[in-house]
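Notes to accompany the following structure.
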Number of protein chains: 2
Amino acid sequence: MAKSDVNSWQAVQAEVLRRIHARIWAPGEMIPNEQALAEEFGCARATVNRALQSLSEAGLLERRRKAGTRVALHPVRKATLDIPVLRYEIEGQGAVYGYTAVQIAEHAPPEEVRSAMQAGAGHRFLHVKSVQTADGAPFVFEDRWINLTTVPEAAKTDFEAISANEWLVRHARFTHGQISFAAVNADAEVAAHLALRQGAAIFVISRITWDGGQAITHVQQFFHEGYRMQTEL
Amino acid sequence: MAKSDVNSWQAVQAEVLRRIHARIWAPGEMIPNEQALAEEFGCARATVNRALQSLSEAGLLERRRKAGTRVALHPVRKATLDIPVLRYEIEGQGAVYGYTAVQIAEHAPPEEVRSAMQAGAGHRFLHVKSVQTADGAPFVFEDRWINLTTVPEAAKTDFEAISANEWLVRHARFTHGQISFAAVNADAEVAAHLALRQGAAIFVISRITWDGGQAITHVQQFFHEGYRMQTEL
DNA sequence: GAGTGGTCTAGACCACACA
DNA sequence: GTGTGGTCTAGACCACTCT
């Protein structure tokens with residue numbers, strides 16, 4: 001059963017996957033080392049490495065030097081979510097995108113926002129509330145704080161005309177961030193902007209983005225009722 | 001500025017990232033081809049390829065044969081979520097995990113579940129409702145349908161003793177699935193099981209998992225109030 | 001110490017998409 | 001056609017980790 005001439009890394013990956021699904025290699029079990037597989041498949045070790053590394057990233061294999069490679073016991077389902085620029089998500093559904101700034105003001109944020117952004121006492125902030133619509137219907141109500149000390153150009157920008165998100169994507173660099181998803185009951189303000197009843201269950205995405213050690217923006221996005229975020233596993 | 005001797009793919013990636021952040025290569029702009037970069041960095045083309053491919057997967061670069069590589073205009077933020085086995089999430093927080101089956105019955109699912117699972121009319125289903133607790137407090141209420149036609153062993157399993165999720169992870173193979181996240185108001189049943197008021201905003205994860213063309217299970221998990229799912233960007 | 005995965009190299013050929 | 005990324009190879013050395 002040697003030399004099957006499986007010579008592309010995708011083919012190697014497919015064959016390995018088949019063996020895992022067929023329980024030829026059961027969860028928790030070791031699989032042959034790269035050298036052995038390369039000989040069996042009649043390809044270079046680098047090709048096997050590429051295939052196994054890809055499966056390892058996907059969480060299906062666990063690899064350690066010296067210890068070897070084993071089939072993951074509890075395959076961690078990793079879901080990769082695309083966080084869309086809302087305009088594209090809306091336009092992608094064939095709807096007309098709309099943007100309205102509800103409130104723009106420079107003032108100090110509540111303590112929890114300031115501390116989450118690790119901002120010094122002297123930092124100035126721009127507070128932008130806005131609504132984005134799909135075919136005229138409210139899609140998202142956004143409550144955003146922009147750190148003017150780290151992104152001073154934002155002070156000169158007309159956020160009546162362009163959404164803060166799009167402006168930031170174009171003009172502010174960002175290195176990393178945190179994102180969280182939750183459900184909240186709509187309060188009076190959110191309910192009013194999204195045109196729904198108070199208390200409705202709302203899907204909320206919260207983000208903080210950073211450029212190095214400096215927080216750029218803190219944003220909460222309250223989605224319309226019934227919104228679902230989906231992906232494949 | 002040639003031959004800087006950047007010879008690991010991580011180092012190449014770091015340097016490329018630096019140039020993107022510093023706007024030396026602006027969004028939408030082409031970057032030099034692999035050959036040129038390899039010469040500049042004093043490494044092999046394959047090393048550059050590894051670095052750029054990784055950035056491409058992350059959504060920061062767009063690569064096309066012949067056309068070359070450009071900095072993504074709208075870097076799609078991809079968030080990778082780890083969907084945990086709840087027991088590990090709870091125990092990882094240092095809490096005591098508990099599991100209680102609330103209802104186990106074999107009967108036909110509602111039409112929407114059946115069609116979502118693309119199950120034929122003859123298929124039999126097991127319906128399992130359960131609550132999982134952390135230090136005694138309700139953590140998740142789970143409403144699950146298991147396709148007995150595709151996973152017949154489930155009929156002989158005692159789901160009073162083991163959570164359906166853990167059993168399925170161990171005994172059923174799965175090739176792919178869909179997952180979605182949403183917010184709903186707690187109805188009377190959910191509120192009762194989670195010990196909270198009716199109407200509370202609840203974070204819901206819905207999953208369908210498949211083995212090839214056959215649906216294995218459909219599950220909705222209703223989390224306790226205030227639950228947030230977090231990740232890094 | 002020794003075995004395994006992780007990576008680099010230099011060269012080669014292929015596949016695709018553009019002119 | 002032609003230039004670009006995509007991949008494979010054979011060999012080598014390194015880094016980690018287990019014994």
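Protein chains get the first letters and strands the later ones, always in sequence-line order, with residue 1 at the start of each.
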Could you check how far [atom1] of [X] sits from [atom2] of [N], rounded to whole Å?
| X | N | atom1 | atom2 | result |
| --- | --- | --- | --- | --- |
| B:Leu37 | C:dC8 | CG | C1' | 17 Å |
| A:Asn7 | C:dA15 | CG | P | 11 Å |
| A:Glu57 | C:dG5 | CD | C1' | 14 Å |
| B:Met30 | D:dG5 | CE | P | 7 Å |
| B:Glu39 | D:dT4 | CD | P | 12 Å |
| B:Gln35 | C:dA10 | CD | P | 11 Å |
| B:Leu52 | D:dT4 | CG | P | 14 Å |
| B:Glu34 | C:dC16 | CD | C1' | 14 Å |

Taking 4.0 Å as the cut-off, does a side-chain nitrogen or oxygen of [X] come that near to OP1 or OP2 on [N]?
| X | N | answer |
| --- | --- | --- |
| B:Asn49 | D:dG5 | no |
| B:Thr47 | C:dT7 | no |
| B:Thr69 | D:dG5 | yes |

For A:Gly120, does its backbone N or O pair with a side-chain atom of A:Arg114 as donor and acceptor, under 3.5 Å?
-> yes
Please answer whether the main-chain N or O of B:Phe139 pairs with a side-chain N or O of B:Thr133 as donor and acceptor at a distance below 3.5 Å.
-> no
Donor-acceptor side-chain pairing of A:Glu34 and A:Asn49 below 3.5 angstrom = yes
Going by atom types only, do B:Gln13 and B:Ser54 share a side-chain donor-acceptor pair under 3.5 Å?
-> yes
Inspect the surroundings of CZ in A:Arg23 and state if more than 12 heavy atoms from other residues, nucleotides or ligands are less than 6.0 Å away.
->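 For A:Arg23, atom CZ is crowded (more than 12 foreign heavy atoms under 6.0 Å).
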Contact class for B:Gln10 vs. all strands (heavy atom < 4.0 Å): base, sugar-phosphate, or nothing?
->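 Contact class for B:Gln10: sugar-phosphate only.
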Non-hydrogen atoms of A:Leu73 and A:Glu62 that approach each other most closely = N-OE2, 4.5 Å
Per-nt protein contacts along nucleotides 11-19 of chain D (heavy atom under 4.0 Å; B base, S backbone sugar-phosphate only, - none) come out as -B--BBBB-
What's the spacing between B:Leu86 CG and B:Tyr99 OH if we round to 0.5 Å?
->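 It comes to 11.5 Å.
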Return the nearest nucleotide to the side chain of A:Arg63; candidates are D:dG6, C:dT9, C:dG6.
-> C:dG6
Nearest to the side chain of B:Arg50 - C:dT7, D:dG5, C:dT9?
->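 Between C:dT7, D:dG5, C:dT9, the one nearest the side chain of B:Arg50 would be C:dT7.
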Residue matched to D:dT2 through Watson-Crick or wobble contacts both under 3.5 angstrom |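 Answer to the pairing question: C:dA17, which forms a Watson-Crick or G-U pair with D:dT2.
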